[in-house]
Amino acid sequence: MTTRLLLISDTHIPGRARRLPDAVLREADAADLIVHAGDWVAASVLDDLRQHGDVLGVYGNNDGEDLRAVLPEVARREVEGVRIAVVHETGQKQRREERMDVAYPDADLLVFGHSHIPWDTTTPRGMRLLNPGSPTDRRRQPHHTLMTLELADGGIRSARLHSI
């Protein structure tokens with residue numbers, strides 16, 4: 001069996017967009033699990049995504065008490081034998097892989113956000129680190145982005161960055 005995930009972060013609604021882009025909603029409808037790595041800003045974004053599927057999310061540094069009351073700082077779930085952790089911030093990029101190996105020794109996949117910069121690396125012990133960028137606030141990036149992921153048989157079958 002294959003499980004499809006949509007990875008997004010840093011939607012910053014309503015500051016950077018009035019609503020989620022259609023491309024995000026299409027991918028959410030196609031996903032078995034929607035993962036949001038924080039900085040929703042409006043709790044209505046969580047409500048909207050829940051209309052499209054199962055959501056695993058965390059709060060970010062720009063999220064208020066309404067989101068902090070219903071979302072954790074770190075979320076965890078096992079899917080298809082892959083141990084997933086989700087967090088908003090991981091700190092500076094220098095030595096990120098080594099620091100995350102120590103911070104999340106029981107995870108196979110760490111999804112994070114905050115920088116709005118897509119990231120895909122593997123730590124020394126083999127944990128995959130993914131940041132989907134932002135579908136609404138590209139900052140210094142050429143495009144708004146999201147990621148899709150397929151998990152099967154205890155591993156990551158594919159990870160794809162989408163420009164939108």
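Values in this document were obtained by computation on a predicted structure and should not be read as measured data.
- Listed for the R138 side chain is a donor-acceptor partner under 3.5 Å among the backbone atoms of Q141.
- Within the 4.5 Å cutoff, side-chain heavy atoms of I13 are placed close to those of L20.
- Checking side-chain atoms of D108 against main-chain N and O of V82 turns up no donor-acceptor pair under 3.5 Å.
- Both V74 and M100 belong to a single network of hydrophobic side chains, linked directly or stepwise wherever heavy atoms of I, L, V, M, F, W or Y lie under 4.5 Å apart.
- Taking all atoms of both residues into account, the shortest heavy-atom contact from Y104 to R76 is CD2-NH2, 3.6 Å.
- To the nearest 0.5 Å, atom CG of residue L161 and atom CG of residue L146 are 7.5 Å apart.
- When all heavy atoms of H88 and D39 are compared, the closest pair comes out as NE2-OD2, 3.2 Å.
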Step-by-step side-chain contact (heavy atoms from CB on, under 4.5 Å) determination, E97 to T122:
CA-CA 7 Å; E97 290 78 7; T122 303; over 6 Å; no
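- L149 and I8 are not part of a single hydrophobic cluster, where members link through side-chain heavy atoms under 4.5 Å apart.
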Which pairs of donor and acceptor atoms, one on a side chain in residues 43-56, lie under 3.5 Å apart (sequence neighbours left out)?
residue	atom	partner	partner atom	Å
H52	ND1	D29	OD1	2.6
D54	OD2	R77	NH1	2.7

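- By the criterion of side-chain heavy atoms lying less than 4.5 angstrom apart, applied directly or through intervening Ile, Leu, Val, Met, Phe, Trp or Tyr residues, F112 is not grouped with W40; the two fall into different hydrophobic clusters.
- Both V35 and I84 belong to a common hydrophobic cluster when Ile, Leu, Val, Met, Phe, Trp and Tyr are linked at side-chain heavy-atom distances under 4.5 angstrom.
- L130 places a side-chain heavy atom less than 4.5 Å from the side chain of R128.
- Through side-chain heavy atoms spaced under 4.5 Å, either directly or across other Ile, Leu, Val, Met, Phe, Trp or Tyr residues, I117 is tied to no other residue.
- In terms of heavy-atom proximity, P135 sits nearest to S9 at CD-O, 3.3 Å.
- Summarising the geometry, atom CH2 belonging to W119 is positioned 11.0 Å from atom CE belonging to M147; distances are rounded to the nearest 0.5 Å.
- The two atoms that bring T136 and A17 nearest to each other are CG2-CB, 3.7 Å, heavy atoms only.
- How far NE2 of H116 is from OG of S134: 5.5 Å, rounded to the nearest 0.5 Å.
- Not a single donor-acceptor pair under 3.5 Å links the side chain of R160 to the backbone N or O of E150.
- Here the side chain of D101 pairs a donor or acceptor atom with the backbone of R125 at under 3.5 angstrom.
- Atom CD of E78 has more than 12 heavy atoms from other residues, nucleotides or ligands within 6.0 Å.
- Using a 4.5 Å cut-off between side-chain heavy atoms of Ile, Leu, Val, Met, Phe, Trp and Tyr, V102 forms no hydrophobic cluster with any other residue.
- Using a 4.0 Å cut-off between charged nitrogen and carboxylate oxygen, E27 and R4 count as a salt-bridge pair.
- The side-chain heavy atoms of T90 and L110, taken from C-beta on, include a pair separated by under 4.5 Å.
- By the 4.5 Å heavy-atom criterion applied to side chains, T11 and V41 are not counted as neighbours.
- L5 and V58 fall within the same hydrophobic cluster, where Ile, Leu, Val, Met, Phe, Trp and Tyr residues are linked whenever their side-chain heavy atoms come under 4.5 Å apart, directly or through other members.
- Inter-residue side-chain proximity for L151 and R157 is flagged as unmet; no heavy-atom pair is nearer than 4.5 Å.
- By the 4.5 Å heavy-atom criterion applied to side chains, V70 and Y59 are not counted as neighbours.
- The minimum heavy-atom distance linking H12 with N62 is given by the pair CE1-ND2, 3.3 Å.
- Closest approach of T145 and P132 over heavy atoms only: OG1-O, 2.7 Å.
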Would you sort out whether R16 and D10 count as a salt bridge (Lys or Arg N to Asp or Glu O under 4.0 Å), showing the intermediate values?
CA-CA 9 Å; R16 297 296 181 206; D10 298 284; over 6 Å; no
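- For the pair L109 and I156, the minimum side-chain heavy-atom distance is below 4.5 Å.
- Side-chain atoms of V24 and I164, non-hydrogen and from C-beta on, do get closer than 4.5 Å to each other.
- A distance-only check finds a donor-acceptor pair linking the side chain of T123 to the backbone of M127 [under 3.5 Å].
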